[in-house]
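Okay, structure first, notes after.
So that the names make sense, note that chain A is the first sequence line, chain B the second, and so on, each numbered from 1. FYI, side chains are in, hydrogens and waters are out, and symmetry mates aren't considered; it's all heavy atoms of this structure.
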Protein chains: 2
Amino acid sequence: MTNTLPNRSSTSSCNQTGSFLGEIDPAVSGVLKPVERHVAKGGTLFHDGDELTHLYEIATGMVKTSRLFADGRRQVIGFFTAGDFIGMPYAGFAAFSAEAVMETRLHCYPITQVAAAMTQSSALTKAILKALHDDAERHVDHVMSLGRRRPDERVASFLLKCCTKQHEITTSQRTPCVDLPMTRVDIADYLGLTQETVCRVLTRFKRTGIIHGKDSHKLTVNDLPSLQMVAELGACA
Amino acid sequence: MTNTLPNRSSTSSCNQTGSFLGEIDPAVSGVLKPVERHVAKGGTLFHDGDELTHLYEIATGMVKTSRLFADGRRQVIGFFTAGDFIGMPYAGFAAFSAEAVMETRLHCYPITQVAAAMTQSSALTKAILKALHDDAERHVDHVMSLGRRRPDERVASFLLKCCTKQHEITTSQRTPCVDLPMTRVDIADYLGLTQETVCRVLTRFKRTGIIHGKDSHKLTVNDLPSLQMVAELGACA
DNA sequence: CGGTATTTTGACAAGAATCAAGTAGTGTGG
DNA sequence: CCACACTACTTGATTCTTGTCAAAATACCG
């Protein structure tokens with residue numbers, strides 16, 4: 001299903017190891033026994049076409065999902081961080097690969113157990129349904145980005161999305177800091193651009209003072225309103 | 001959820017009026033009472049932001065879903081035909097508009113009824129989950145088209161998708177006929193191209209003999225293998 | 001410290017969007 | 001049934017953006 005389960009109210013993204021699925025409903029806490037797994041930077045959770053045996057919850061780190069074309073072109077489908085879920089609620093075969101962007105720890109739930117637990121807990125079923133629905137919305141946002149937006153707008157809204165994911169409420173931070181542990185190529189393959197174009201856009205944002213780069217993987221947003229404007233209207237001051 | 005419910009085994013897309021959800025499980029057939037609705041060509045099922053009160057099953061016709069940007073750019077999210085479902089399994093607000101491409105008849109299920117029926121029928125729940133999952137896969141395919149593919153490839157795979165949807169198994173037809181009731185602008189807005197580019201690609205396909213146009217909304221695929229090759233590799237003979 | 005991978009910048013060319021004009025199709029009212 | 005108006009589709013010429021190719025600078029790792 002490849003998504004974030006909803007209503008994690010207070011935990012935010014700072015949570016460490018709690019296994020969410022088992023906590024959702026006392027009725028299933030005894031049934032769902034996550035297996036812990038550790039994946040090194042660049043390691044693979046599963047490949048496109050593999051049989052999907054587990055539902056993965058990310059405890060720490062970051063995972064990217066992607067699919068390849070015959071000629072080597074690659075499309076990154078999504079980036080997932082602590083609290084996000086990757087996998088299908090059904091036995092089936094993966095439609096994409098999943099790799100760790102950085103050192104990552106996972107809770108792995110055998111899908112057979114999840115399926116069984118769902119029959120006993122309507123709360124779990126609802127959570128999964130909601131997660132699938134949120135997943136669809138994320139995909140629609142991605143389609144919106146790729147279909148009709150210029151590079152500036154794509155990069156700007158990508159940065160904003162990273163922002164809001166890292167600090168639950170962006171507006172509370174005047175100059176939020178953004179972590180970008182993935183490579184420029186990853187970002188480019190996510191946004192349907194080349195790494196050169198991503199670079200150039202970021203450089204332009206730096207020149208106009210919208211962002212400031214501590215290093216290439218840690219940015220500070222100096223002018224959030226401008227970034228939001230670029231994301232929506234494409235005008236780069 | 002915006003999708004096709006699975007396992008419609010023998011009915012194919014030729015089905016006329018059967019209301020699928022009520023047939024899925026005897027336990028819910030008494031609960032789910034679809035309301036019939038008729039929408040004229042160009043008419044609106046709901047607007048972006050409207051509260052979603054129903055799950056819509058398309059009986060006949062075609063519906064397109066889309067979202068607008070502030071500056072008028074439009075992204076078409078999907079096209080839906082007989083047997084497809086549009087709507088959310090939860091009360092909520094629409095993230096896109098839905099309009100009839102041609103005269104369309106619908107079965108409308110109040111989502112409260114669907115939610116209630118789901119608690120009584122695990123078969124229905126499973127069907128909805130599967131539908132959501134298929135929906136996600138469709139979105140991922142769309143992302144793949146938009147992110148890294150050239151206009152030729154986008155149009156070719158769009159035509160192929162229309163083909164397979166219209167004749168369950170494309171391979172059985174040597175020269176399948178494709179209906180394109182939507183406008184060129186609709187196709188362009190779906191594929192993230194301009195209508196001119198869509199036109200030019202279609203013209204090129206005609207010149208190279210891959211397709212033949214009876215009229216602009218009815219095409220014949222003369223060379224299916226070539227079309228498939230273009231869809232995957234971008235090479236236009 | 002040396003070697004490799006990643007990021008950044010520049011020059012150039014290909015390709016798609018834009019602008020513009022013309023053609024075909026659709027529907028309406030006389 | 002035809003003439004008209006309107007929309008949709010097609011084609012062409014031009015512009016501009018972004019991808020491609022190339023190289024330098026920086027960061028990363030053993």
Side-chain angles (χ1 to χ4, degrees), chain A residues 40-42 64 69 71-76 99 101-103 145-156 159 178-207 211-219 230 234-236, chain B residues 40-42 64 69 71-76 99 101-103 145-156 179-207 211-219 230 234-236:
Chain A
K41 178 175 175 175
K64 70 185 178 206
F69 288 101
D71 62 0
R73 280 177 293 178
R74 187 182 65 141
Q75 178 67 51
V76 171
E99 294 160 78
V101 170
M102 55 195 286
E103 192 163 39
S145 271
L146 297 176
R148 291 235 157 273
R149 308 191 97 159
R150 321 202 140 282
D152 286 11
E153 308 172 75
R154 296 189 199 187
V155 174
L159 292 179
V178 189
D179 265 311
L180 298 174
M182 69 292 279
T183 68
R184 295 289 191 261
V185 176
D186 285 338
I187 299 175
D189 284 348
Y190 178 74
L191 297 177
L193 304 168
T194 60
Q195 56 172 333
E196 292 94 331
T197 299
V198 171
C199 253
R200 280 185 252 266
V201 171
L202 287 174
T203 304
R204 212 177 312 152
F205 286 173
K206 283 173 195 158
R207 266 207 300 272
I211 61 173
H212 172 255
K214 303 166 72 76
D215 70 69
S216 59
H217 294 287
K218 272 203 168 43
L219 303 179
V230 175
C236 183
Chain B
K41 178 175 176 175
K64 68 185 178 206
F69 289 103
D71 62 0
R73 280 177 292 179
R74 189 182 63 143
Q75 179 66 50
V76 170
E99 295 160 78
V101 170
M102 55 194 287
E103 190 163 40
S145 271
L146 297 176
R148 291 236 158 271
R149 309 192 94 159
R150 321 200 138 282
D152 285 12
E153 307 172 75
R154 297 189 199 187
V155 174
D179 266 310
L180 298 174
M182 69 292 279
T183 67
R184 295 290 192 262
V185 175
D186 286 337
I187 298 174
D189 284 347
Y190 178 75
L191 296 176
L193 304 168
T194 59
Q195 57 171 331
E196 292 95 329
T197 299
V198 172
C199 251
R200 280 186 252 265
V201 171
L202 288 174
T203 304
R204 212 177 311 152
F205 286 172
K206 283 173 195 162
R207 266 206 301 271
I211 61 172
H212 172 255
K214 302 166 72 76
D215 70 69
S216 59
H217 294 286
K218 272 203 166 45
L219 304 178
V230 175
C236 183

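The nearest whole Å value for the distance from the CG atom in B:Leu193 to the P atom in C:dT18 is 11 Å. The distance from atom CG of B:Leu180 to atom P of C:dG25 is 16 Å, rounded to the nearest whole Å. Atom CG in B:Asp152 sits about 11 Å away from atom C1' in C:dG15, given to the nearest Å. For the pair A:Lys206 NZ and C:dT8 C1', the computed distance is 9 Å after rounding to whole Å. Note: CZ (A:Arg204) to P (C:dG10) measures 13 Å, nearest angstrom. Note: CD (A:Gln195) to P (D:dT18) measures 16 Å, nearest angstrom. Atom CZ in A:Phe205 sits roughly 14 Å away from atom P in C:dT8 (whole-Å rounding). D:dT26 atom C1' lies 17 Å from atom NZ of A:Lys218, rounded to whole Å.
B:Glu153 places no side-chain N or O within 3.5 Å of a backbone atom of B:Val230 that could act as its donor or acceptor partner. Counting only distance, with no hydrogens or angles, the side chain of A:Arg184 and the backbone of A:Glu196 share no donor-acceptor pair below 3.5 Å.
Listed nucleotides: D:dT10, C:dT8, C:dA11. Nearest to the side chain of A:Arg200: C:dA11. Distances from the side chain of B:Arg150 to the nucleotides C:dT8, D:dT20, D:dT11 place D:dT20 closest. For A:Glu196, taking side-chain heavy atoms from C-beta onward, the closest of the listed nucleotides C:dT9, C:dT18, D:dG19 is C:dT9. For A:Ser216, the listed nucleotide lying nearest its side chain is C:dT7; candidates were C:dA20, C:dT7, C:dG10. Nearest nucleotide to the B:Cys199 side chain, out of C:dT7, C:dA11, D:dT11: D:dT11. Of the candidates D:dT20, D:dT18, C:dT8, C:dT8 carries the atom nearest the A:Thr203 side chain, counting heavy atoms from C-beta on.
Listed pair B:His217 / D:dA8 fails the phosphate criterion, with no side-chain N or O lying under 4.0 Å from OP1 or OP2. The side chain of B:Thr197 places no N or O atom within less than 4.0 Å of a non-bridging phosphate oxygen (OP1 or OP2) of C:dA16. Contact annotation: A:Arg184 side-chain N/O to C:dT8 OP1/OP2 distance is under 4.0 Å.
The residue among A:Thr183 and A:Arg148 whose nearest nucleotide of DNA chain C lies closer to the 5′ end is A:Thr183. A residue-by-residue look at A:Thr194 and B:Leu202 shows that B:Leu202 has its nearest nucleotide of DNA chain D further toward the 5' end.
A pairwise comparison of heavy atoms in A:Val155 and A:Phe205 identifies CG1-CE1, 4.0 Å as the closest pair.
Within a 6.0 Å sphere centred on NZ of B:Lys206, heavy atoms belonging to other residues, nucleotides or ligands number more than 12.
With respect to B:Asp189, the side-chain hydrogen bond (donor to acceptor under 3.5 Å, both in side chains) criterion is satisfied by exactly one of B:Gln195, B:Arg74, B:Arg73: B:Arg74.
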